[in-house]
Asks: 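Okay, handing you the structure first.
In this chain, residues are counted from 1 in sequence order.
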Amino acid sequence: MLSLIFALYAGVPEDVTIASNRDLPQEQREAAYQRLVAAGDVEALQKIGSDLKKTVPERWVAIRALGMIPTLEAQQALIEFMGSSDVWARIASIGAIGDRGDRTLAGRVAVRLEDPAILVRAAAAETLGKLKSPSTLGDLERALQDPTGWYRGTSLWVRRKYVEAMAEVGKDAAPYLARALSDRDPVVVEAALKGLEAIAGFSY
């Protein structure tokens, strides 16, 4: 029994390495990833995801695999990674929560709309779009209005992501998208208009 457990544990690092190796055939990488998910070894994946000696792709795969494991232990691990000092761990964990489709974590993801790293903010917006929780529309609107979304008078690309995430929520987003039509950034206005058209089912 102990030898079986050891073999399973030893296989997790190997499969992470295979799944993260872009030089290998896609089929082989996907098979390794599916083994990681099937094994459900949260402790091993969390250890790899936290190990800064591992490559970014290895840590990324380990954390994203947690998103496919439907246990509270995996959920807690993702919550911890969202607060990591490592930007890539934060991005990977937010994406993994989107993979889970776990609306109970929407509020925690929304907090990351204020992350110092723009890539993390963008990942949070994308995941909120997947979760489609109306409760986060106010958070997305505040992020859109945040002055840090501008640099020397130029609207940063991430602001469009907030509007696109609003649109994914559906009809509840209509008032928020309507207000975004008055934004100074034409790209944001275009995204808001597209969102309203998708909700209404016709072109304006």
Asks: Do you know which two heavy atoms are closest between Leu156 and Thr148, and how far apart they sit?
Replies: CD1-O, 3.6 Å

Asks: Go through the steps to decide whether Asp139 and Val111 satisfy the test side-chain contact (heavy atoms from CB on, under 4.5 Å), and finish with yes or no.
Replies: CA-CA 8 Å; Asp139 299 289; Val111 171; over 6 Å; no

Asks: Less than 4.5 Å apart, any side-chain heavy atom of Glu27 and any of Glu30?
Replies: no

Asks: Side chains of Ser84 and Asp86 only: does a donor on one sit below 3.5 Å from an acceptor on the other?
Replies: no

Asks: Give me the atom names and distance for the closest heavy-atom approach of Arg59 to Gly49.
Replies: CD-O, 3.5 Å

Asks: Does NZ or CZ of Arg159 come closer than 6.0 Å to the centre of the six-membered ring of Tyr162, within 45° of the ring's axis?
Replies: no

Asks: Look up atom CH2 in Trp88 and atom CD1 in Ile63, then write down how far apart they are to the nearest 0.5 Å.
Replies: 11.5 Å

Asks: In this structure, would Val37 and Trp60 fall into the same cluster of hydrophobic residues linked by side-chain contacts under 4.5 Å?
Replies: yes

Asks: Looking only at atom types and distance, does a side-chain atom of Ser50 sit under 3.5 Å from a main-chain N or O of Lys47, one as donor and one as acceptor?
Replies: no

Asks: Tell me whether the count of non-hydrogen atoms from other residues, nucleotides or ligands lying under 6.0 Å of CD in Glu126 goes above 12.
Replies: no

Asks: Would a hydrophobic clustering, with Ile, Leu, Val, Met, Phe, Trp and Tyr connected at side-chain separations under 4.5 Å, put Leu181 with Val163?
Replies: yes

Asks: Just wondering, are more than 12 heavy atoms of other shown residues or ligands nearer than 6.0 Å to CD in Glu114?
Replies: no

Asks: Using 0.5 Å steps for rounding, measure from the CG atom of Leu113 to the CG atom of Leu128.
Replies: 5.5 Å

Asks: Taking all heavy atoms of Ala92 and all of Arg64, pick out the closest pair and write down the distance.
Replies: O-CD, 3.1 Å

Asks: Report whether Val56 and Phe81 are members of the same hydrophobic cluster (ILVMFWY, side-chain heavy atoms less than 4.5 Å apart, transitive linking).
Replies: yes

Asks: Can you tell me how far CZ of Arg108 sits from CG of Leu78, rounded to the nearest 0.5 angstrom?
Replies: 11.5 Å

Asks: With a cut-off of 6.0 Å (strictly less than), are more than 12 heavy atoms of other residues, nucleotides or ligands near CD of Gln26?
Replies: yes

Asks: Rounded to the nearest 0.5 Å, how far apart are CG of Asp51 and CD1 of Ile48?
Replies: 8.0 Å

Asks: Working to the nearest 0.5 angstrom, can you tell me the gap between Leu177 CG and Leu144 CG?
Replies: 10.0 Å

Asks: Closest approach of Ser20 and Val16, non-hydrogen atoms and distance?
Replies: OG-O, 2.8 Å

Asks: Set out, in order, the CA-CA distance, both residues' side-chain angles and the distance that settles side-chain contact (heavy atoms from CB on, under 4.5 Å) for Glu43 and Gln46, then state yes or no.
Replies: CA-CA 5 Å; Glu43 183 179 356; Gln46 193 170 12; 5.8 Å; no

Asks: Might you point out which heavy atoms bring Asp15 and Ala32 nearest each other, and give the distance in Å?
Replies: O-CB, 3.6 Å

Asks: Do Met68 and Gln34 have side-chain heavy atoms sitting under 4.5 Å apart?
Replies: no

Asks: Atom CH2 of Trp150 and atom CD of Gln145: how far apart are they, to the nearest 0.5 Å?
Replies: 12.0 Å

Asks: Quick check: is Trp157 connected to Val189 through a chain of hydrophobic side chains (ILVMFWY, heavy atoms under 4.5 Å apart)?
Replies: yes

Asks: Hydrophobic cluster membership, with links at side-chain heavy-atom distances under 4.5 Å among I/L/V/M/F/W/Y: are Val12 and Ile18 in one?
Replies: no

Asks: Using the rule given for side-chain contact (heavy atoms from CB on, under 4.5 Å), can you reason through Thr127 versus Arg112, listing the C-alpha separation, both sets of side-chain angles and the distance that settles it, and then say yes or no?
Replies: CA-CA 11 Å; Thr127 287; Arg112 288 296 141 193; over 6 Å; no

Asks: Please determine whether side-chain contact (heavy atoms from CB on, under 4.5 Å) holds for the pair Lys130 and Val109, giving the CA-CA distance in whole Å, both sets of side-chain angles, and the decisive distance to 0.1 Å.
Replies: CA-CA 11 Å; Lys130 289 180 179 179; Val109 173; over 6 Å; no

Asks: Looking only at heavy atoms, what is the nearest atom pair of Val187 and Asp185, with distance?
Replies: N-OD1, 2.9 Å

